[in-house]
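These values consider heavy atoms only, across backbone and side chains, with no hydrogens, waters or symmetry-generated copies. Numbered from 1 within each chain, the chains take letters A, B, ... in sequence-line order.
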Amino acid sequence: MLRLILSRLVGGVGVIIAVATFSFLLLHAAPGGPFDAERALAPQVQRNIEARYHLDDSLVTQYADYMGGLAHGDFGYSLKRPMSVGEIITTHFPYSLTIGLMALLVAVGLGVGMGVIAAWRRNTGVDYALMSMALLGISIPSIVLGPILVGIFAFGLGWLPPARIEGPASYVLPAMCLGLIYLGTIARLARGSMLEVLGQDFVRTARAKGLTERAVVWKHALRLGVVPVVTYLGPATATLISGSFVIEKLFGVPGLGGFFVEAIVNRDYPVLSGVLVFYVAFLVMLNIVVDVVHGLLDPRIRSGR
Amino acid sequence: MVRRLAGVAALLWLAGCGLPSGDYFGAIPDVHDRPRHLRFCNQGEPDYVDPAMATSTTALPVIFALFDGLTLYGLNGMPEPSLAERWDVSSDLRTFTFHLRHEGKFSNGRTIDAYDFAYQFIRILHPSSASPNADGLEYIKGAAAYNGNTGRVLLRAQGGLAAGAHVEIVGAAGKSLEQWAKDGATPPDANVRRGGKPLALRDLGAAPGAAYATAPAGADVTIIELTGGPVSMASPDGQVWAYVFYDQGDGAFGWVPMAELDQVPSALVDYEVRELPKRHQIGIEASLEALTADDAVTRPTVHVRGADLLMLPELMGMRIPDRWTFVVETAEPTPYLIAATPSRPYRPTPREAVSRSPRRWTDVGTIITSGPMALEAWLEKDRLELVRSKTFWNPSLVKLDRLTVFSMDDQAANANYYAAGGCDATASNNVPTSYRPILNGERRRYLDYAVKPYNGIYFAWLNTEKLKNRHLRRALAYAVDRKRLAGVLHGPIPTAQFTPGTPIKNLTEAELTLCGVTRDQPGVALIEVAGEVCYVPPLGLDFDPEKARAEWALARQELGADFPKSLTYRYNSGAEAHKIIAEYLQQSWKETLDFDVTLEAQEWKTFLADTTQGKYDMARFGNIGSLTNAESEYLVLFKCGGSNNRGRYCSPQYAALIAEAKKLTDRRARNAKLAEAEKVMIEDAPVIPIYIYVQDHLRKPYVRDLGLNIVDQFPIYRAWLDPDWAQHPGRSTSGEGPNAGYSTASEAAR
């Protein structure tokens, strides 16, 4: 297991370097620069700014500076606001993380439950009802779902604030909005894999031993049934936690996702590369965690390696 | 796409859950417990709150509350005296003398004087500051040479030039500046110095022990200012002190005794210099004809050594005859300078704070302000908390004890938050397009929604390098029925004129007289200075299908085989309105001219890069004026080779008329000449004007003295809350002023 983790870590560093390099090249190849605006600056003003931020250096020099900074954990300074990239990440990632984790809770808690019940009661009205709901969740984009939730819970019922993070209640709508999208996928995954597992020999054995149906489903079958869900959770968690730009915008949440997209629009190179590298590192970590959890859940994976 | 979906969804819930009933859009909270606390929904996060660095419109209301200036924006958007008690303007409109009040203070207790204004010019214009706000200050004498790092003061008489002469570098080390630029290199800077011992950077006159930063021995520092100069403070101890920049890490500025800067790396470098044009020399009084004629004269160049040159702030058109007088000199008559005095370059920032941490001095805890409000908290992307300043010289101006500025950028989120009672007013131009028909629709009009005209024009650039044929461009302009489009957009004023203004039919009697127009005249007029100056732009090429087809035929005849088979119209993606307008134009050209135009949406920065480089046929654009001045805000766009001339329009006739106008100091005659120039331009059709922007906002009925003005700069700190508003229905809630004539139903209903 330790060897597995170590080899994954080494691979991860390679991925980060590759992504940093590739994103650097792509960014600088994109037309336009951080200081282009509707009203263009006079050429000498533009030159002074480029000199100050070393944007007039050769691309090789800029790349060397950038990678040198990364090696020291220094992501540099935003070109558009008086904040370092490190500060932006540490201040704003917690918002995205909280909403992402709450959304994950909604998606996994409800999703797995729905999937298992649907598999258990397959081809009944319950199954169809649950799976229709799941399909609806997958189909409605958050940009539509958000305003509907705001309309119902903030204005119709008056239970929750429509925007901004003012207290714990403020997290509910964005988390719900984000979670519902993943809930559908997870419910369908769980149903499919549970159906397969419920037909296997060890389930028949468990039933033959005289265990209650409840124990068979929730204790024996579920453990194997959630493996595909766990696999899916790696990338899903990364997406959820990295902050949905759309959700953050809709609900006025000061999360990291907003900074990321804004940095793309602004061509704020340091912020964009810094946040990207942070996300990639996060994704690499999550994938390692998923591998470990796989091993714990399914003995075949552990021994197979 | 994303915005459209959001709009549809917003409509869905509004329709589904019922619109707010009653006269107002959403909840009206009881404000008896906070009559002096306004919560304002801004349109996003300010980029900086430093007047030298900020460029975003979201930063301006905050900056203008935190920093005092020569003047401050009044309720009507026009300047009102603040740090400048009064001013004199010379008859040639080139010298502006501001008499400063003695009571202005920074929040650290230090008195603000003329040297602080000089320092703000240095900060914005020195190349090392890299301030985007250096843009647009070319009207100040010598500013371009200073900002471009080519202006120098000659320290020793030589080659026929006197000591103290203001010169510009044309070459260095045997190469011309053009050659240096071509080689991608920078010539050695004669302002660079090194100390044989470590340099203790400190406040002027402080002991070395009080240093806040140290430049190691042999490190490069750049001299910015010396004590005793015409715009610099006197030395406290008889020896000359230098204010230097040490470029390491975040950078630091500080004073050191000049004697410690004992190494001059470029002392022996040979520089080729010549005198600055007469127009840019300080204190020269001559007729403008003589001065402009001098531009054409070849000025002889002289070779001097680096040790004899320094770039110093006195190169710029400013003088300090005494501590309480600040004089600004401009190269050409600048009638709009006073209108610009509430803007960022005239809002001093504290040298002591900036020097210690150029990048981070505005952090809560280290920030030193001077305005009506002080910064208490700044939570990025969430909110700023401003509280009444304890040191502002004019406390009676300030009605608020606390101002909370929310920084959400989504328009729907802001409007929803407002509807739920979370904020008392929204920033202007921040109501989602999809909400407009609901707020100001046929069936219902909410009383807390206001619309007013705005100093901005939405138009299409025609790339005159690709669409060279004048008749072709004119045909395209004549073919657009803007009035029909206005019905789709809910609010904006359709126009074929370029410089925007107030529809003439809405002007007051006095304004009609001032502008010399009659009420039945079509078009708009721009009141530049209330009661004093008016600009009437020429009528444009408004919808006329017959003329369109006639011009089209002419173009076809002249171009023959070169007649374009199709053209492309570009717009930037992300805003629904751009797409609607593009489709409308496409349809108009098809209907009137039977001509196919392809539409192309582009990501914003790509769009900017392509249009700047002339890689387009036609493209949408907007131009918002920060002043109510046609010349500086609108006509400047059509300067040959100008950085904002995306249509690459260059007309000798237009340029000649503008040059003539620039020499006129009588503003009425000047504006008449400018209108002649605009007439030439609009007839050449490098642009197709489409509509005049409007600004709109939401404002709870208990908010007083908060409204909209033509320049979109409202002094929010002067607003207040009336908890018993229902009993005082007649009170004015918004500022009135020039160009306020246009108002839509909701404002009129009040």
Side-chain angles (χ1 to χ4, degrees), chain A residues 30-53 56 58 77 80-83 88 91-92 141 143-148 150-152 154-156 158 161-166 246 248-255 258-259 262 264-267, chain B residues 2 5-6 8-10 12-14 16-17 45 47-48 50 53 55 127-132 134-136 138 144 147-149 184 186 250 359-360 362-363 379-382 406-410 412-414 416-417 419-420 422 603-610 612 621-623 643-644 646:
Chain A
F35 297 96
D36 291 351
E38 192 145 10
R39 202 176 255 215
L41 296 173
Q44 67 190 22
V45 177
Q46 184 90 24
R47 266 200 307 278
N48 287 338
I49 292 173
E50 282 170 2
R52 183 83 196 97
Y53 297 107
D56 57 348
S58 74
Y77 242 88
K80 301 297 264 187
R81 52 179 87 244
M83 281 182 96
I88 290 177
T91 315
H92 299 279
I143 194 108
V144 175
L145 189 62
I148 292 174
V150 168
I152 297 172
F155 290 105
R164 282 194 69 240
I165 298 296
E166 290 170 312
V246 173
E248 287 178 3
K249 212 168 137 54
L250 275 177
F251 293 97
V253 177
F259 278 92
E262 192 186 272
I264 299 176
V265 176
N266 281 340
R267 302 282 193 275
Chain B
V2 164
L5 276 174
V8 168
L12 264 179
W13 79 253
L14 282 167
C17 304
E45 166 82 0
D47 52 351
Y48 294 86
D50 179 347
M53 294 307 289
T55 53
S128 71
S129 319
S131 164
D135 200 53
E138 310 85 54
N147 186 238
N149 207 1
T186 335
D250 281 3
R359 191 132 60 175
R360 296 301 290 263
T362 53
D363 282 5
L379 299 143
E380 285 85 11
K381 289 233 168 186
D382 183 46
F406 295 116
S407 307
M408 287 178 288
D409 50 14
D410 187 63
N414 276 301
N416 293 345
Y417 196 60
E603 181 268 342
W604 179 233
K605 292 275 178 171
T606 314
F607 174 79
L608 286 177
D610 276 8
T612 307
F621 248 86
N623 189 57
S643 50
N644 278 299
R646 289 183 159 89

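With hydrogens and angles ignored, the 3.5 Å screen pairs a side-chain donor or acceptor of B:Lys605 with a backbone N or O of A:Pro34. A:Glu38 places no side-chain N or O within donor-acceptor distance of the main-chain N or O of B:Phe621, the cut-off being under 3.5 Å.
Counting heavy atoms from C-beta outward, A:Asn48 and B:Asn147 have side chains that approach closer than 4.5 Å. Taking 4.5 Å as the limit, every side-chain heavy atom of A:Leu41 sits out of range of all side-chain heavy atoms of B:Ser643. For the pair B:Glu138/A:Gln44, no side-chain contact is recorded, criterion being any heavy-atom separation below 4.5 Å from C-beta on. The closest side-chain heavy-atom distance from A:Tyr77 to B:Arg360 is below 4.5 Å. Residues A:Asp36 and B:Thr612 have side chains not in contact (no heavy-atom distance under 4.5 Å, counting atoms from C-beta outward).
Here the closest non-hydrogen pair linking A:Lys249 and B:Ala413 is O-CB, 3.9 Å. Here the closest heavy-atom approach between residue B:Trp604 and residue A:Val265 is recorded as CD1-CG1, 4.4 Å. Scanning all heavy atoms of the two residues, the minimum distance from B:Ala419 to A:Phe155 falls at CB-CE2, 3.7 Å.
Residue contact with chain B, scored on non-hydrogen atoms closer than 4.5 Å, is absent for A:Gln46. Only the side chain of A:Glu262 comes within contact range of chain B, judged by heavy atoms closer than 4.5 Å. Of the two parts of A:Ala51, neither the backbone nor the side chain holds a non-hydrogen atom closer than 4.5 Å to a non-hydrogen atom of chain B. Residue A:Tyr53 touches chain B through its side chain alone, counting heavy-atom pairs closer than 4.5 Å. Both the backbone and the side chain of B:Asp250 have a heavy atom closer than 4.5 Å to some heavy atom of chain A. Of the atoms belonging to B:Ser131, it is backbone heavy atoms, and not side-chain ones, that fall under 4.5 Å from chain A. Contacts of A:Pro162 with chain B are made by side-chain atoms alone, with heavy-atom separations under 4.5 Å and no backbone atom involved. Looking at A:Ala42, the atoms closer than 4.5 Å to chain B (heavy atoms on both sides) sit in the backbone and in the side chain alike. At a 4.5 Å heavy-atom cutoff, the contact between B:Arg359 and chain A is made by backbone and side-chain atoms alike. Residue contact with chain A, scored on non-hydrogen atoms closer than 4.5 Å, is absent for B:Ser407.
We find the CZ-CG distance between A:Arg39 and B:Leu608 to be 13.5 Å, quoted to the nearest 0.5 Å. Separation of atoms CD1 (A:Ile165) and CG (B:Leu379) is listed at 13.0 Å; rounding is to 0.5 Å. Interatomic distance, B:Thr186 OG1 to A:Arg47 CZ, rounded to the nearest 0.5 Å: 10.5 Å.
By number of non-hydrogen pairs under 4.5 angstrom with chain B, the leading residue of A:Gly32, A:Pro31, A:Ser58 is A:Pro31. Interface summary for chain B: among A:Pro82, A:Ala37, A:Ala30, the most heavy-atom pairs under 4.5 angstrom belong to A:Pro82. The greatest number of non-hydrogen atom pairs below 4.5 Å with chain A, out of B:Glu603, B:Glu380, B:Arg646, B:Glu45, is found for B:Glu380.
By the 6.0 Å and 45° rule, A:Arg81 does not stack over the aromatic ring of B:Tyr48.
Legend: residues meeting ring-ring contact (aromatic ring centres under 6.0 Å, His included) with A:Phe251, ordered by chain and number and at least two apart, are absent.
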